[in-house]
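These notes are about the structure you will find just below.
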Amino acid sequence: MTGSPVCPRCRFGEILAVLRLPRTWTNASGRPVRGLGEVLLCARCDAGDPLVTYFAVHAAARPEHAALLARLLRQWAARARPEGPDEDTLRAEAEAWRRGEL
């Protein structure tokens, strides 16, 4: 692999962390659907986050900063919320699949 994954939001920034959270929503028939939502920490999109600042200064996690990193990760995780599905994008993808384009 050549480098870190690129952020799907800005198509430019480097993904520094991924948090996977349980997520439940109701489908069109009224049934609950359980899954996982991902929250990404992007070096560009989330530039103001203290965790991004840490990595901008240090480039990599350092053992001597374990307590600080743990605190920054807990704070980020406490704020993190997965985005809901984009209904328009889902409909467009379903239509493309029906037409055989996927």
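One-based numbering along the sequence shown.
- Separation of atoms OG1 (Thr26) and CZ (Arg31) is listed at 12.0 Å; rounding is to 0.5 Å.
- Around atom CZ of Arg34, no more than 12 heavy atoms belonging to other residues, nucleotides or ligands sit under 6.0 Å away.
- Atom CZ of Phe55 sits about 10.5 Å away from atom CG of Asp49, to the nearest 0.5 Å.
- A pairwise comparison of heavy atoms in Leu19 and Ala80 identifies CD2-CB, 3.6 Å as the closest pair.
- We find the CD1-SG distance between Ile15 and Cys45 to be 7.5 Å, quoted to the nearest 0.5 Å.
- Arg44 places no side-chain N or O within 3.5 Å of a backbone atom of Cys7 that could act as its donor or acceptor partner.
- The shortest heavy-atom contact between Cys10 and Cys42 is SG-SG, 3.8 Å.
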Quick one, Leu51 with Leu41, criterion side-chain contact (heavy atoms from CB on, under 4.5 Å). Give me CA distance, side-chain angles, the key distance, then yes/no. CA-CA 9 Å; Leu51 192 53; Leu41 183 68; 3.4 Å; yes
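- Minimum interatomic distance between Gly37 and Arg23 (heavy atoms only, all atoms of both residues): N-CB, 4.0 Å.
- The closest donor-acceptor contact from the side chain of Arg71 to the backbone of Ala67 lies at 3.5 Å or more, if one exists at all.
- Here the shortest heavy-atom pairing between Thr24 and Pro32 reads CG2-CB, 4.0 Å.
- Residues Glu95 and Arg99 have side chains in contact (heavy-atom distance under 4.5 Å, counting atoms from C-beta outward).
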When you look at Gln75 and Leu72, which way does the side-chain contact (heavy atoms from CB on, under 4.5 Å) test go after all the steps? CA-CA 5 Å; Gln75 290 172 351; Leu72 293 174; 3.9 Å; yes
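- Applying the side-chain contact (heavy atoms from CB on, under 4.5 Å) test between Asp46 and each of Thr53, Leu40, Val52 identifies Val52 as the sole match.
- Between Glu93 and Leu90 the shortest side-chain heavy-atom distance does not fall below 4.5 Å.
- Taking all atoms of both residues into account, the shortest heavy-atom contact from Tyr54 to His65 is OH-ND1, 2.7 Å.
- Connection of Trp76 to Leu21 is established within a shared hydrophobic cluster, with ILVMFWY side chains joined at heavy-atom distances below 4.5 Å, either directly or through further cluster members.
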